[in-house]
J.: 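Got a structure for you, questions after.
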Amino acid sequence: MLNHLRLSRPHSSNGKKPTQRSRRSGRRGSDTMLPLIIIGMGVAATLIEPKFASIDNLTNLARQMMPLLIMAVGQAFAIISGGLDLSLAAVMSLAGVVGVLTMAEYGAATGIVVMLLTGLVMGGVSGFVIAYFRTSPLVVTLGMLSVAQALALILSGGVPIYTVHPGYAQFVGFNDWLGIPIMVWIGVLFTCLGAFLLRQTVFGRYVYAIGSSASAASKSGVNVRLNTMLVYMVSGVCATVCGIVLTAWTGSAQPVAAPNLTLESLAAVVLGGVALTGGSGGIRQVVYGVVILSMLSNVMNMVGVSAYYQTLVIGIVIILAVILDRLRDRGQEG
Amino acid sequence: MSTVASPAASGSPEAVSGALLALHGISKRFGATVALREVSLRFQPGRIHCLLGENGAGKSTIGKIAGGLYAADSGRLEWKGRQVSFRHINDARERGIGLVFQELSLAPDLSVRANLRLGAEGSGHPFCRLRHQAETEQAVQALERFGLDIDLEEPVKHLPVSTQQMLEIAKAFMRDPELVVLDEPTAMLGAVEKQRLFQALRAWRDAGKALVLITHHIEDVMELGDHVTVMRDGSVVDSFPMEPSITADDVLQRLTGRKIRVAKQACSNKVEGAWTLQVDNVLQRDGSTTSIRMERGEIIGLYGVVGSGAEQIPRALMGLDSKTALRFTLNGNPYHASSPATAFACGVSYLPSGRASNGIFATLSIRENLCLTQLGELGRFGVVSEPTERARTASLLDHFKVKYHDAEERITSLSGGNQQKVLMARAMARARHVLILEEPTAGIDIDAKLQIHDRVRELTERGVTVLLVSSDLIETITLCDTVYTFYEGHVVNCYEHPTLSDQPDIVFDVLGQASEEADTAAGASAGMGTNV
């Protein structure tokens, strides 16, 4: 009955080629807004406290930023895949304790390998349980937090270990290369590696696909289980690298090292504009989030804001960031 | 019911040798439900094989077994004459079987390009690199074939559903399969997209591919089918090659096992001169505006292709479009809804399209789903009286002829058609003046559809005005007293008491061709109404 109609005209493209707009031009506005906020904060900080812009302070700021940055990269993988990893700080503590104990016996290189293995195994176990038993990442990594924390306490006897391999502590924690601390190099290298994995590899594509719709990914032939497990192995390795840096820098392995770091990494990822529902965002946003959080605490420290108020300010900033993000989204829809 | 399948042995002898994929005695059960009983079918290259049947007949299950998503409980599969078993969707895909999912397999946040290649990026290890440039080239080719002009980097979630549906199909064809199973590919397509898809499918058939079209639209079968298999309750009831002498009525009869009325029912409850709702500022073709009046008990159809603006009136009525220019008068008073909640409070009720996402609460029971919006009336001081609620549930389910075991079971235990009846009951219970129905019978079988139509007519007896937005033109014509057609945001024509013979004119309108024809052939739009 429709045959007598000419069907070529309306809405048809008439042989027009599909558009190839420049990549990511349609992305969300955070790409310009957050860098502007960072620059604004830098200028404001310099006006309030000229010492902020000194080389010394900036180097110090870069060092302070690294543990959070490395951990947030790992957290980003988990969040983009539609999950999250609450065990990061505990795995980091465990890796630190295991590493320092191994180094005392077998040397620094072996120690570092054992640390990395620790992260891989802990992340692998979490990932395995999440992927193969279809359990909630929240609960599994919460359990893993407890397990890793307990193991760290048992191995260390509940006290910090200060007998850190001196060569390793000196090299990772305090040496420079080209005027930039080794630990900053490590952090930057890992961030770049994370960005490469997410954007340039098949695995990275699958992380986004699984976070966006696990059932669509599975129906498209993606091995959802394997890739979910890999996600938590990546986040476990990030926690370990964070442990390597932190142990060297503080010259000690704490059984409960920086427990706030897990939640801060979550905060940084959200602050950068990565959706907690998964499937979107990227390492660039994570870096923005980390820089903003670290600058805030650096400036407040210099100005002498008390720790209580610092926590308050950071909390408010995170909540504001989430509201802003929603408003921006709504603007795009309408 | 006879469970003895008359397997596809009825196919011609030369077909037996040429089968690309053959199913032999396939059975499959899900828990206590038997989805397929001893089904045997052959799919041949260069033919479009239609699987026709009502919901729950087992059509989709066949598609998913052929595509490697499900494993059969018994029976065997033969691919090019050799026995195969698919453990994973990728096994089937590597042999050359593509699957187009009814519920789509697109990741909403990924770009068009990434989605088209998802799962086929490369056979290497997970950490091998993506080849962005090659992907772009392949994606451009695939989109051109279907005449899609979209930004490759756009996240799929920003695209209209019909475009997503086309992408899903393009995605399956990108892997250059020899056999493609399409599960309800036209469910979300407008008339134009549908024709474009059919053209592409014919081209694929002529290139020697085997196509399996799962559908419950007889029009699709009539237009495309080379071979038709009719299924009912998990068995093949009939399988025959399509010949010009076979009419839609014949197919329908074989499908339902009896004659079905598709004729228009003359039972208008429209009350002349007693209008409920007036819509002002409706855009016309020449840019001027007009008003539409809707009488008490009238059923009004708003018909147009996707993006035509047919949905603008319902959206504005429900307060879902804050920027609307439309102005409403309800029962003589100005009406403005800032949100669906205010609309409901004014007696304007709404059944949105998208049963799974906008309709049911999958984790709640049938009773909870049904009574959710009426809890206020079912008790006192915010405390719901359980006996009242149960009594109300039982009477409503009964009245809407819902087939259920226990109202305390989850709503997902019902079939799609019965879920839709529950949602219909829920929406109708709150309709005091106006009821808006969006795709009320999408994806449900013909019996449930007719029952829902009966309930709608019943509602108009109580003086409620019904607005219907449906992509099903036959439904729009048979159910409505008045049909307005839309094209690119403006109203084109008004058909009072439409009949099935108005179909060509209506299709003409919504494809935007009436506008140019109107100048040359004045009589082209004979059904044009005058009350606009």
Side-chain angles (χ1 to χ4, degrees), chain A residues 1-28 80 82 196-197 199-224 226-227 230 275 277-281 332-334, chain B residues 69 88-90 93 99 101 103-110 112 114-115 117-122 124-130 132 136 139-140 143-144 147-155 157-158 171 191-193 195-196 199 219 223 305 307 322-323 487-488 503-504 507-508 511-513:
Chain A
M1 61 193 72
L2 296 176
N3 296 342
H4 69 286
L5 296 171
R6 285 176 292 120
L7 286 158
S8 56
R9 221 176 96 331
H11 299 301
S12 82
S13 55
N14 290 332
K16 242 190 291 170
K17 286 205 167 197
T19 340
Q20 293 181 54
R21 220 196 292 163
S22 64
R23 296 186 54 200
R24 272 175 240 314
S25 54
R27 286 271 157 169
R28 330 190 329 161
I80 292 170
F196 175 80
L197 270 182
R199 285 292 176 206
Q200 298 294 330
T201 68
V202 174
F203 166 65
R205 170 78 54 85
Y206 288 175
V207 174
Y208 283 98
I210 293 169
S212 185
S213 164
S215 82
S218 155
K219 282 184 207 153
S220 305
V222 173
N223 189 336
V224 174
L226 174 71
N227 284 285
L230 284 175
T277 43
S280 63
Q332 285 221 330
E333 277 166 28
Chain B
L69 197 70
H88 188 257
I89 187 164
N90 282 348
R93 201 164 273 153
L99 203 47
F101 291 92
E103 59 278 46
L104 306 190
S105 66
L106 304 172
D109 295 287
L110 291 195
V112 170
N115 261 302
R117 296 298 297 159
L118 188 60
E121 287 85 354
H125 57 91
F127 297 108
C128 68
R129 285 194 66 170
L130 291 166
H132 292 289
T136 306
V140 169
L143 295 185
E144 261 181 282
L148 289 169
D149 179 23
I150 41 178
D151 180 4
L152 286 179
E153 301 305 327
E154 187 76 20
K157 64 179 172 187
H158 294 162
K171 178 179 168 184
V192 181
E193 290 107 340
Q195 286 308 316
R196 201 180 292 152
Q199 276 170 12
E219 309 94 82
E223 225 177 309
V305 298
S322 53
K323 292 176 196 138
Y487 175 68
E488 290 194 339
Q503 260 192 90
V507 174
F508 228 62
L511 296 184
Q513 301 185 335

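Reminder, nothing fancy here: chain letters follow the sequence lines and each chain counts from 1. Here the structure is a predicted model, which is why all the values come from computation and not from measurement.
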J.: To the nearest 0.5 angstrom, please state how far the CZ atom of A:Arg205 sits from the CZ atom of B:Arg117.
T.: 9.5 Å
J.: How close do B:Ile89 and A:Lys219 get, counting heavy atoms only, and between which atoms?
T.: CD1-O, 2.9 Å
J.: Quick one: pull up CZ in B:Arg129 and CZ in A:Arg199 and give me the separation to the nearest 0.5 Å.
T.: 14.0 Å
J.: Answer yes or no: is there a side-chain heavy-atom contact under 4.5 Å between A:Val202 and B:Leu130?
T.: yes
J.: Does any backbone or side-chain atom of A:Leu230 lie under 4.5 Å from a heavy atom of chain B? Answer side chain, backbone, both or neither.
T.: side chain
J.: Hey, could you give me the OG/CZ distance between A:Ser215 and B:Phe101, rounded to the nearest 0.5 Å?
T.: 9.0 Å
J.: Need one label for B:Leu106: side chain, backbone, both or neither, based on atoms under 4.5 Å from any heavy atom in chain A.
T.: backbone
J.: Examine whether an atom of B:Arg93 lies under 4.5 Å from a heavy atom of chain A, and if so say whether it belongs to the side chain, the backbone or both; otherwise answer neither.
T.: side chain
J.: Please tell me if the side chains of A:Leu197 and B:Phe127 come closer than 4.5 Å, counting only heavy atoms from C-beta onward.
T.: yes
J.: Between B:Asp109 (side chain only) and A:Ser280 (backbone N and O only), is there a donor and an acceptor less than 3.5 Å apart?
T.: no
J.: Taking only residues two or more places apart in sequence or in another chain, which ones pass side chain to side chain donor-acceptor pair (under 3.5 Å) with B:Ser105?
T.: B:Glu168, B:Lys171
J.: Taking side chain as everything from C-beta outward and backbone as N, CA, C, O, which of these in A:Thr277 sits under 4.5 Å from a heavy atom of chain B? Side chain, backbone, both or neither.
T.: neither
J.: Less than 4.5 Å apart, side chain to side chain, heavy atoms only: is that true for A:Asn223 and B:His88?
T.: no
J.: Please name the pair of heavy atoms, one in A:Ser212 and one in B:Leu110, separated by the smallest distance, quoted to 0.1 Å.
T.: OG-N, 4.3 Å
J.: Of the backbone (N, CA, C, O) and the side chain (C-beta and beyond), which part of B:Leu104 lies under 4.5 Å from a heavy atom of chain A, both, or neither?
T.: backbone
J.: Give, for atom CG of B:Leu69 and atom OG of A:Ser218, the distance between the pair rounded to the nearest 0.5 Å.
T.: 7.0 Å
J.: When rounded to the nearest 0.5 angstrom, what is the spacing between OG in A:Ser213 and NZ in B:Lys157?
T.: 12.0 Å
